[in-house]
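Structure record follows, encoded as structure tokens.
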Amino acid sequence: MSQVVNRMKKFLNDPENVVDEMLEGLLLAHSDQLKSVRSDNRALMRADGPVIGKVAIATGGGSGHLPLFLGYVGPGMLDGVAIGNIFASPSARQMLDVTRAIHSDAGVLYIYGNYGGDVMNFDMAAELAEMEDIRVETVVATDDVASMPKGNEAGRRGVAGMFYLYKLAGAKAEQMATLDEVKRVAEKANANVRTMGVALTPCILPAVGHPTFTIGDGEMEIGMGIHGEPGIHRGTIEKAEEVAKTLVSTILQDMPIEAGHDVSVLINGLGATPLEELYVVYRSVHQLLAEQGICIYRPYIGEFATSMEMAGLSVSILKLDDELRSLLDAPFQTPFQMQK
Amino acid sequence: MREALVFSDVQAILQEIGKIMDENKDFLCKLDGALGDGDIGLTMSNGLRAVNDHLRASTQNDIGKALMSSALEMGEAVASTMGTLMSSALFRAGKAIQGKTELSSSEVIVLFQAMVQGLKERGKANVGDKTILDSLVPAVEAMEAALNEGKSLGQIMLAATEAAEKGAKQTIEMQSRHGRAGRYLERSIGHQDPGATVGALFVKGFSDGVTARLNSVD
């Protein structure tokens, strides 16, 4: 029997232009919320920015993960973003252009996801910005439990849990806190959030045209990264409640949470998993945490960090204290989401 | 024979480096195909082209500033890991000699030392990890020794070229510990590292450029 190759079935013009055409469409749709800082649209900022006196927060990364990264630019969240090609880092120049555009006089915080190219380019951009007397600090998100064993937390990837870093640091910056304070909150959020993901199908890079790896029929892969990085276990697909149990127990082993503690939970769809299934999984996550005496405060369910048409989901758990809870409550508005 | 490089020399030297990268494009891609995604030759060829296009149009005499701005052009043109690392290295080189309109032998060494330091910091690798550092670090050591022996800039660069080539060859026996190639573990042994090869070609191109320029002008 010949092997079936999944051919690309996407709404595209020239696959090489997907990012540019996406950005043009996005700016046409949301010109009241976003503006471009470069003629090629590869760096965007809040339409009402820079906000004088406020710490500016920038992020960036490859395309192919909407609403990550550019979908978090807006009041209560981030000030600017550098946009790379599909799964590729933006350049240091793009990051510098964003930095120059969003900074007022309170400094700039970079928050992004601990991928090699992004780290090098943001480090270089920070060096360039400092030469122009713009103070820059950096917090790298490392929430993906599956990407490195305990003890190697600093080497972990940043995935959907990055939402909480953006949200909490964004809320702190909105209160006109200092750069050191905003950085402290981002670090605290990062220290208290863990994510575990599971994938059912691969994704297709438009310029490649077919899946770059396969997951067999009836199989799932626990811990797969948002670019298809290998996970920690591949096996037969299980019921939603079993999957939820695996994800939650792995997180709790990595970050123990005492009974009586509050958490926020984020259930993230990877692109091709319907909301229905996310709520089925949320139900189990809620039950599992309740059994341990852990209360969920402000759950978020939807798409936060995707991998194009990858089917799968991730669960992120954020341990809350009074400070994080009140920052979580603060409003935000982006082209993709709003919280009053 | 002159002993200091002026801006037009640096322009010519980078042209020579670009030429050598073009000539070795397929060779580099082949090396990279064994350990990475096979595009390092394109990265270097396109990256140096961006640098040279920028330098050719540059009107300033400050060698450091020109290198810094051309490094950014390179980073923009080739955003892959190697592109970003080389862009970083060139940027640091430029920063280290900012304000100079002429480079003495010892300042050329400062330029290479800054490149190495930039690569170490940005790439978080060390000698022995089977990276570009395994050709550039021995090259810098050879340059320092040759300078101490009172050699001319041309001789210093010849010593560097020899050391860099030897260093690149020695990566064949090493195991990759870094980046994408690090995933190949012991399977990486037996392959010459494409990054170290880029380093050796860079030094060779620099040396050829120095020799051609300093010999041609009295």
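Below, read A as the first sequence line, B as the second, and so on, with proteins coming before strands; counting in each chain starts at 1.
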Does the A:N121 side chain pair with the main chain of A:G117, one donor and one acceptor, at a distance under 3.5 Å?
yes
Between A:T99 and A:Y110: side-chain donor-acceptor atoms closer than 3.5 Å
yes
Given the options A:Q94, A:R42, A:E127, A:M131, which has more heavy-atom pairs under 4.5 Å with chain B than any of the others?
A:E127
Toward chain A: residues of residues 55-74 of chain B with heavy atoms under 4.5 Å
B:M68, B:S69, B:L72, B:E73
Please check if atom NZ in A:K10 has more than 12 non-hydrogen atoms from other residues, nucleotides or ligands closer than 6.0 Å.
yes
Could you check if a side-chain atom of B:V210 sits within less than 4.5 angstrom of a side-chain atom of B:V108, using non-hydrogen atoms only?
no
So for B:S80, is it side chain, backbone, both, or neither that comes closer than 4.5 Å to the heavy atoms of chain A?
neither
How would you list, in number order, the residues of residues 196-208 of chain B that have a heavy atom less than 4.5 Å from chain A?
none
Going through the distances and angles, do A:N190 and A:T142 end up as a side-chain hydrogen bond (donor to acceptor under 3.5 Å, both in side chains)?
CA-CA 7 Å; A:N190 190 49; A:T142 57; 3.1 Å; yes
Pick out which of A:N17, A:V18, A:L12 makes a side chain to side chain contact (heavy atoms under 4.5 Å, CB included) with A:D14.
A:N17
Tell me if the NZ atom of B:K19 is crowded by more than 12 foreign heavy atoms within 6.0 Å.
no
Around atom CD of B:E162, are there more than 12 heavy atoms of other residues, nucleotides or ligands at under 6.0 Å?
no
From CA spacing to verdict: side-chain hydrogen bond (donor to acceptor under 3.5 Å, both in side chains), A:E21, A:N13:
CA-CA 9 Å; A:E21 292 181 3; A:N13 299 309; 2.7 Å; yes
Is there side-chain contact between A:F69 and A:I83, with at least one heavy-atom pair below 4.5 Å?
no
